[in-house]
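A short write-up of the structure that comes next.
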Amino acid sequence: MKNLTLSCLLLSVIGLQSCKNEEKQKAAEAVKAEGEAVVSSACYKAIYEKDTIDLKLNTLKNGKLAGDMVMKVAPSTVRTGEVAGEFHGDTLFVDYTFKDNVNGNKTFKNPMALLKRDKKLILGNGVMQTTMGVTYLVKDQPIDFESVKYKFDETECK
């Protein structure tokens, strides 16, 4: 009889604990969703020779940025993916996660730095390093925003 009572008590405590964990998880998801609410959007386009890049940036409530980017690089490469990052001063650091039409379903991830000047974004050239499969911009090396190919002009979002 004692074992039956103890077992019932143990099961009810476990049941209550799992309900509390579920409530905490739902609350955490609600806070995360609220932080990821879109506050504003801006669209940009860069053209260099036969290359075109379309970029849409959404400013989120938590201050971060997320969006979509399509790179059409001559003669036939098209990279489609998402950007996510945040500003540090006047420089936007993002990770571009994309797939291209050459490699099919293989996903790539590259870091990018964009300098904001007036209503333009300038895609910088920096030294990249890959460690344990993760590519990143080397911190001690400067990013060149002067001799670049891609300068984005703000456009109307479609």
Side-chain angles (χ1 to χ4, degrees), residues 18 20-158:
S18 68
K20 285 183 182 179
N21 287 342
E22 192 173 307
E23 288 173 9
K24 287 179 185 177
Q25 186 177 15
K26 285 182 182 178
E29 287 174 4
V31 168
K32 183 180 176 185
E34 182 180 320
E36 292 178 353
V38 176
V39 175
S40 64
S41 294
C43 294
Y44 299 89
K45 183 184 252 350
I47 299 173
Y48 178 79
E49 295 176 355
K50 294 182 179 180
D51 301 346
T52 304
I53 304 175
D54 291 304
L55 173 64
K56 181 178 181 181
L57 289 175
N58 298 314
T59 303
L60 306 178
K61 192 172 182 180
N62 62 10
K64 295 188 180 191
L65 288 114
D68 302 307
M69 186 158 69
V70 177
M71 297 179 78
K72 296 175 183 169
V73 183
S76 63
T77 303
V78 178
R79 298 176 182 141
T80 305
E82 298 175 347
V83 292
E86 60 187 324
F87 273 101
H88 293 275
D90 59 356
T91 306
L92 173 61
F93 291 95
V94 296
D95 285 321
Y96 179 39
T97 307
F98 65 94
K99 293 182 181 181
D100 66 23
N101 62 338
V102 176
N103 293 301
N105 290 333
K106 190 171 182 184
T107 301
F108 300 92
K109 188 172 187 176
N110 283 342
M112 294 181 155
L114 298 122
L115 178 66
K116 184 160 188 164
R117 273 195 200 144
D118 301 319
K119 291 192 173 206
K120 294 185 178 219
L121 291 174
I122 302 167
L123 179 59
N125 295 319
V127 177
M128 288 194 249
Q129 182 174 343
T130 303
T131 303
M132 296 177 56
V134 177
T135 304
Y136 58 91
L137 291 165
V138 178
K139 287 186 180 183
D140 297 340
Q141 299 294 319
I143 299 170
D144 177 22
F145 291 105
E146 296 302 320
S147 55
V148 296
K149 290 182 181 179
Y150 302 111
K151 294 182 180 181
F152 293 83
D153 293 311
E154 193 167 356
T155 62
E156 211 173 294
C157 292
K158 298 176 184 177

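What you see below is based on every heavy atom in this structure, not just the backbone, and it leaves out hydrogens, waters and symmetry mates. Residue numbers run from 1 in the order of the sequence given.
- Ala74 approaches Lys50 most closely through the heavy-atom pair CB-CB, 3.5 Å.
- Counting heavy-atom neighbours within 6.0 Å of Glu82 CD, excluding the residue itself, gives a total of 12 or less.
- When side chains are defined from C-beta on, Val94 counts as touching Leu114, because their heavy atoms get closer than 4.5 Å.
- Note on residues 44-80: no pairs pass ring-ring contact (aromatic ring centres under 6.0 Å, His included), not counting sequence neighbours.
- With hydrogens and angles disregarded, a donor-acceptor distance shorter than 3.5 Å links the side chain of Asp100 to the backbone of Asn103.
- No donor-acceptor pair under 3.5 Å is formed between the side chain of Asp95 and the backbone N or O of Met112.
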Next item on the list: Evaluate the side-chain hydrogen bond (donor to acceptor under 3.5 Å, both in side chains) criterion for residues Asp51 and Tyr150: first the C-alpha distance (whole Å), next the side-chain angles of each, then the deciding distance (0.1 Å), finally the verdict.
Entry: CA-CA 9 Å; Asp51 301 346; Tyr150 302 111; 2.8 Å; yes
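- When side chains are defined from C-beta on, Tyr96 counts as touching Met69, because their heavy atoms get closer than 4.5 Å.
- How far OG1 of Thr77 is from CE of Met71: 10.0 Å, rounded to the nearest 0.5 Å.
- You'll find the side chain of Lys116 reaches within 4.5 Å of the side chain of Phe87, heavy atoms only.
- Within the 4.5 Å cutoff, the side chain of Leu137 has no heavy atoms near those of the Val127 side chain.
- The main-chain N or O of Lys64 is found under 3.5 Å from a side-chain atom of Asn62 such that the two form a donor-acceptor pair.
- By the 4.5 Å heavy-atom criterion applied to side chains, Asp54 and Thr52 are counted as neighbours.
- Using a 4.5 Å heavy-atom cutoff, the side chains of Val83 and Leu55 are in contact.
- For the atom pair CD of Glu154 and NZ of Lys45, the computed distance is 14.0 Å after rounding to the nearest 0.5 Å.
- Here the side chain of Asn101 pairs a donor or acceptor atom with the backbone of Val78 at under 3.5 angstrom.
- Taking the side chain as every heavy atom from C-beta outward, Phe152 and Leu57 never approach each other to under 4.5 Å.
- In plain terms, the two heavy atoms of Ala113 and Thr91 that are nearest each other are CB-CG2, 4.2 Å.
- A salt bridge does not link Lys56 to Asp68: none of the charged nitrogens lies less than 4.0 Å from a carboxylate oxygen.
- Under the 3.5 Å distance criterion, with hydrogens and angles disregarded, a donor-acceptor pair is assigned to the side chains of Tyr136 and Thr131.
- Exactly one residue among Leu123, Asn125, Ile143 makes a side-chain contact (heavy atoms from CB on, under 4.5 Å) with Val148. That residue is Asn125.
- Across Ser41 and Asn58, no two heavy atoms sit closer than the pair OG-OD1, 2.5 Å.
- Side chains of Phe98 and Thr80 form no contact here, defined as non-hydrogen atoms less than 4.5 Å apart.
- In this structure, Cys157 and Ala42 approach most closely via the heavy-atom pair SG-C, 3.7 Å.
- Of all the heavy atoms in Glu86 and Leu65, the pair that sits closest is CA-CD1, 4.2 Å.
- Atom CD1 of Ile53 sits about 9.0 Å away from atom CZ of Arg79, to the nearest 0.5 Å.
- The CZ atom of Phe145 sits 8.0 Å away from the CD1 atom of Ile122 when rounded to the nearest 0.5 Å.
- Judged purely by distance below 3.5 Å, without hydrogens or angles, the side chains of Thr135 and Asn110 never pair a donor atom with an acceptor atom.
- Going from atom NZ of Lys99 over to atom OG1 of Thr97 covers 11.0 Å, rounded to the nearest 0.5 Å.
- With sequence neighbours left out, the salt bridge (charged side-chain N to carboxylate O under 4.0 Å, His left out) criterion links Glu146 to Arg117.
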